[in-house]
Amino acid sequence: MPRPEPRHGGQRAATIVTAALASLLLLFLVAPLAGIVGGWGLDGLRALASDAELRASLGLTLETATLATLVGAAGGIPLAYVLSRRRFRGRGLLAALLDLPLVVPHPVAGIALLLVLGRGTPAGRALLAAGLEITGSRTGIVCAMLFVSAPLLVSAAREAFDRVDPRLEAVARTLGDPPWRAVRRVTLPLAARGLVSAGVVMWARAISEFGAIVVLTYNPKVASVLSYERFTAYGLKSALPVAAVLVLLALVPIAVLRTVHGPDSLPERRG
Amino acid sequence: MIRLDRVTATAGTFALRDVSFEIDAGSYGVVIGPAGAGKTTLLETIAGIVPVASGTVWLRGADVTRTPPERRRIGIVYQHAYLFPHLSVAENVAYGTADGETAREMVERFGLGALLDRDVNALSGGERQLVALARALATCPDILLLDEPFSALDPRMRVLVRRQVRALHAERGMTVLHVTHDFNEAGRLGHRVVLLEGGRVLQVGSPDDVFRRPASPAVAEFVGAENVVPGRVHSVNGSPDAERVVEFTSGGLVLHAVSDVPEGEAHAVIRADEIALAPERRESSVRNQLDARVVEVAPSGVLARVTVDAGGVELVAVITARSAEELGLAPGREVVAALKATAVHLC
């Protein structure tokens, strides 16, 4: 074999360095979570059977995250459609505003929500009169989850709509469909996978939320708040089974996303 | 009937400006124009997909400028088919109709029977185009808009589909507007030709009008007239505005023409197949017999393109390769280029 050129040697060194850096990052990301599941996963599952508070907290988390996702989808999918299809003044500004909840620190998001929906505010009083207590309630949890995770759904849903050629909808219109029917028969089925994964992303983000929820509603405790409470009140050891359950729970949306998109799915072929 | 009245519309980077023309009910209109002329935008404006900024669109005598596409009763077939990728071939064809009978008729007409259960993403370009045509026609529109519908077809298929479209046009008395960049297709299919460039209509007329009597040198060059010569018009006799015999000069070239263009600067347009070459002058009714010298002979198949210099102006004549051979045409050879006064179009 001919000796490699010095330049190739340099390239090989660069490849080795890059691979090493990438591996280190991967290890850093995966090792702590794998450690928790490996070490305390079984304890966590056993705790599920014996620990009623953990079970209740987990149920509450799943329920509120699901509710937040449904509300987010009901408002977010039409909004995403409009952002994808219509050109109007202020569209850029609207898109930027939608990103704001994602970049604000989450306790700040909770404080902001408290200022608008708290007991002393006009909106809070009005909601209370309607029988909706925000702070310290399930509603508060849903509000906090919605605020921090709905923007993710909107941007993912918008991308899903962007991938469907508007001409397909135009053709459906010329074939006799009014606008909403063309959307239902053509655009929604073609964007369906993207919309499902947008919902899953929002749901996963809602499940993992802590900062905004803890400001708005400490009790009843969602799982993230519970794990934090156990850690601060009883120490690492009693927090670990809860943490392990939360990591296992996080595997659910990841598995769903893999199923929706397939392990090696390619972008949809355009018509 | 399709009529546009000073229509202005914008879609992305394409714009239509002040477009007016009319296609009679039941006739076959062809829009020709280079890439980027706004041909697809024009069809989408008629279909109601692209909104009109100003002007009026009329279909079947009614103002439809603000009517949504689903109530215009038109069919549109794009160059790239735009089949619904989540539906089968059968579902695509039947998409716009509740009447299974018409869908079945279309399937039969376009020979799609064997494809019905296929995934549309597995079809060839030509097959996709057939499905798109069947899908549009299954709703029985009386106005059909075609955007380069044959360009994805192989030549054999093209002949077949063109025949089907023409048959359907005749049977149903449909009004068709067909966009193409292919002059042959335009001449063969159209009753009326609309010439579009840069979003503007350059000329509207019968194919013969547009090809033989282009309205401007730009149109002449666009429709492939080989000889477009700038020069001056001098009246010989008759009223200066009416049709009369005029003299056209360009350098040392002097041509007689029949025209109503006013005196002054103009262009002479002469199609290459209107110029005959002869070894010497002859007694005949042909008014223009020009002394010329052969510059180049370029054979292509059974024809030969012969470039001659007549009075300092180069003219291209197309004659049969056989004639070129018999005349012994070669660069430097003196010939007479003959053309009738009516073959010289001034604009």
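A, B, ... follow the sequence lines: proteins, then strands. Residue 1 opens every chain. Note that these values count all heavy atoms, side chains included, but never hydrogens, waters or copies made by symmetry.
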Atom NE2 of His86(B) with >12 non-hydrogen neighbours under 6.0 angstrom: yes
Heavy-atom distances under 4.5 Å only: say whether Pro179(A) touches chain B with side chain, backbone, both or neither. both
When the 4.5 angstrom heavy-atom criterion is applied to Arg73(B) and chain A, the contacting part is neither
Bottom line for Ala136(B): the part with an atom under 4.5 Å from chain A's heavy atoms is backbone
Just wondering, more than 12 heavy atoms not from Phe88(A) lying within 6.0 Å of its CZ? yes
Atom pair CG (Asp165(A)) and OH (Tyr82(B)), whose distance is rounded to the nearest 0.5 Å: 4.5 Å
Output the distance between atom CZ (Arg71(B)) and atom OG1 (Thr174(A)), rounded to the nearest 0.5 Å. 15.0 Å
State whether the number of non-hydrogen atoms from other residues, nucleotides or ligands found under 6.0 Å of Glu108(B) atom CD is greater than 12. no
So for atom CZ, which belongs to Arg181(A), do other residues, nucleotides or ligands contribute more than 12 heavy atoms lying within a distance under 6.0 Å? yes
Sidechain N-carboxylate O distance under 4.0 Å for Arg167(A), Glu44(B): yes
Non-hydrogen atoms of chain B under 4.5 Å away: do they reach the side chain of Arg185(A), the backbone, both or neither? both
Taking atom CG of Leu175(A) and atom CD1 of Ile74(B), what is their separation to the nearest 0.5 Å? 8.5 Å
Mind running side chain to side chain contact (heavy atoms under 4.5 Å, CB included) on Val171(A) and Tyr95(B) for me, showing each step along the way? CA-CA 10 Å; Val171(A) 169; Tyr95(B) 188 94; over 6 Å; no
Atom pair CG (Asp177(A)) and CD (Glu70(B)), whose distance is rounded to the nearest 0.5 Å: 8.0 Å
